[in-house]
Amino acid sequence: MTLPLRAIVAFHATARTGSMLRASQAIGVTPSAVSQQIQILENHVGTRLFSRAGRKVVLTEAGERYFGMIHDEIERIESATDYLRGHHAITVLNVRISPTFATKCIVPRLSEFLDAWPNIELRLDATNDPPDYSREHIDLEVRHGEGVLTGLYTEKIIDERMLPLCSPEYAAAGSLAVEELEQHRLIHSVKNLVQWPHWFEKVGHQPQRRLDRVLFDRAYMSIEMAVQGAGIALESDVIAAREIRDGRLVCPLADVPEVWQTSLWIACPHSHLRQHKVQSFILWMKSLFRHSSS
């Protein structure tokens, strides 16, 4: 019996995206054609692969097993096809990355990557949500953490030093002691892994008063508020590197403690490392932060 390759492709796209509509867009056919191909495959294997509830489709237990068995093979076929198409073909690279890291560190330098690899069409998915690689078409991600991610390749990019930062108009560099910080408005991002209470604990100081805090859900907002002279932010020297370099932010402490935040990591399934586009982005990221830290 002839293997229904078109039907397998339609199944894989639907299982990966969780939608026949998105699958049809991914493989360039109509949603009804996707539905027909999935029915052909279900008839071929003799079991239901999806449960249908209106427009929604959910993998059955058999569908989950089948998707798990063919996923890596389909990815290898796509990678091999991209390779044979040569360097003149456009290859799409999907990267998931935190909004602040993308805004502050990647986007300002992105033209370097695009100029070096003009045949890669880069798509940045700026969110903190970890991807489901079995369902989402994400090639790799950049995230904070300890670097222990079960089943994934991880590589540290850089360590981040957490610094009190303010505008030089608010307080001059080296003008304050740690004990004086609690007298000021303290700004931070709730997404940071090290926040003011943790920072004080690490430097061995117990505040004697209730802290006057302003909280944001994005670090770039706390950085901007500090630049405007509204208080002292606790932020990463990596994320705030441009403002520090330009003199818009300074560390007001005379004796700056060494407090580090868990590192930035690149992560992806091991199978994705076989793709030239993924290796290219990893190479660029590593060179970017070697240069930044030199």
Side-chain angles (χ1 to χ4, degrees), residues 5-6 8-19 21-30 34 70-143 149 152-158 238 242 264-294:
L5 295 177
R6 292 174 59 190
I8 293 172
V9 169
F11 164 79
H12 179 267
T14 304
R16 187 185 66 197
T17 62
S19 162
L21 175 59
R22 289 195 292 269
S24 70
Q25 294 168 343
I27 63 177
V29 298
T30 64
V34 171
I70 71 168
H71 177 66
D72 287 348
E73 304 303 325
I74 297 294
E75 291 289 327
R76 277 194 284 271
I77 291 171
E78 290 178 349
S79 179
T81 303
D82 286 342
Y83 177 80
L84 289 178
R85 289 170 65 201
H87 294 293
H88 296 293
I90 297 298
T91 300
V92 176
L93 174 65
N94 295 283
V95 179
R96 177 159 293 180
I97 193 167
S98 73
T100 291
F101 186 66
T103 301
K104 303 296 293 182
C105 298
I106 297 302
V107 172
R109 302 176 175 95
L110 199 54
S111 61
E112 301 172 19
F113 176 80
L114 300 176
D115 290 343
W117 285 277
N119 301 313
I120 293 178
E121 181 181 284
L122 182 63
R123 298 180 183 176
L124 288 184
D125 180 19
T127 176
N128 290 308
D129 297 332
D132 180 351
Y133 285 102
S134 66
R135 296 290 184 87
E136 299 179 85
H137 197 54
I138 301 295
D139 295 302
L140 76 159
E141 60 182 303
V142 181
R143 68 161 72 178
L149 303 171
L152 296 179
Y153 165 83
T154 57
E155 183 171 358
K156 184 174 72 174
I157 305 171
I158 195 170
V238 175
R242 175 168 294 190
L264 281 162
W265 298 81
I266 287 176
C268 68
H270 289 271
S271 60
H272 289 195
L273 294 174
R274 292 190 288 266
Q275 301 178 32
H276 178 264
K277 61 183 180 180
V278 171
Q279 287 288 355
S280 299
F281 192 81
I282 292 175
L283 177 65
W284 177 70
M285 286 283 290
K286 291 163 66 175
S287 66
L288 180 67
F289 286 98
R290 275 199 302 269
H291 175 74
S292 297
S293 60
S294 60

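In what follows, every heavy atom counts, from backbone to side chain, and hydrogens, waters and symmetry copies are set aside. Numbers for residues simply follow the sequence, beginning at 1.
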Main-chain N/O of [Y] paired to [X] side chain as donor or acceptor, under 3.5 Å:
X	Y	result
Thr103	Thr100	no
Gln279	Leu273	yes
Arg96	Asp129	yes

task: Give the intermediate values and the outcome of side chain to side chain contact (heavy atoms under 4.5 Å, CB included) for residues Gln275 and Thr91.
output: CA-CA 10 Å; Gln275 301 178 32; Thr91 300; over 6 Å; no

Nearest 0.5 Å, please: how far is [atom2] in [Y] from [atom1] in [X]?
X	Y	atom1	atom2	answer
Ile157	Phe101	CD1	CZ	5.0 Å
Leu21	Thr30	CG	OG1	10.5 Å
Lys104	Arg109	NZ	CZ	10.5 Å
His12	Ile77	NE2	CD1	9.0 Å
Phe281	Ile266	CZ	CD1	7.0 Å
Asn94	His272	CG	NE2	10.0 Å

Could you report the tightest heavy-atom contact between [X] and [Y], atom names first, then the distance?
X	Y	result
Asp139	Pro269	O-CD, 4.4 Å
Asp115	Pro118	O-CD, 3.6 Å
Cys105	Val238	SG-O, 3.6 Å
His71	Tyr133	NE2-O, 3.8 Å
Pro130	Glu136	O-OE2, 4.4 Å
Pro108	Ala102	CD-O, 4.1 Å

- prompt: Run the side chain to side chain contact (heavy atoms under 4.5 Å, CB included) check on Phe113 and Leu93 step by step: do they pass?
  reply: CA-CA 12 Å; Phe113 176 80; Leu93 174 65; 4.1 Å; yes

- prompt: When you look at Ser98 and Asn128, which way does the side chain to side chain contact (heavy atoms under 4.5 Å, CB included) test go after all the steps?
  reply: CA-CA 5 Å; Ser98 73; Asn128 290 308; 3.1 Å; yes

Side chain to side chain, [X] and [Y], heavy atoms closer than 4.5 Å:
X	Y	answer
Val95	Ile106	no
Lys286	Glu155	yes
His137	Val92	no
Ile282	Tyr153	yes

task: Kindly determine whether Leu283 and Trp117 satisfy side chain to side chain contact (heavy atoms under 4.5 Å, CB included), including the steps that lead there.
output: CA-CA 11 Å; Leu283 177 65; Trp117 285 277; 4.2 Å; yes

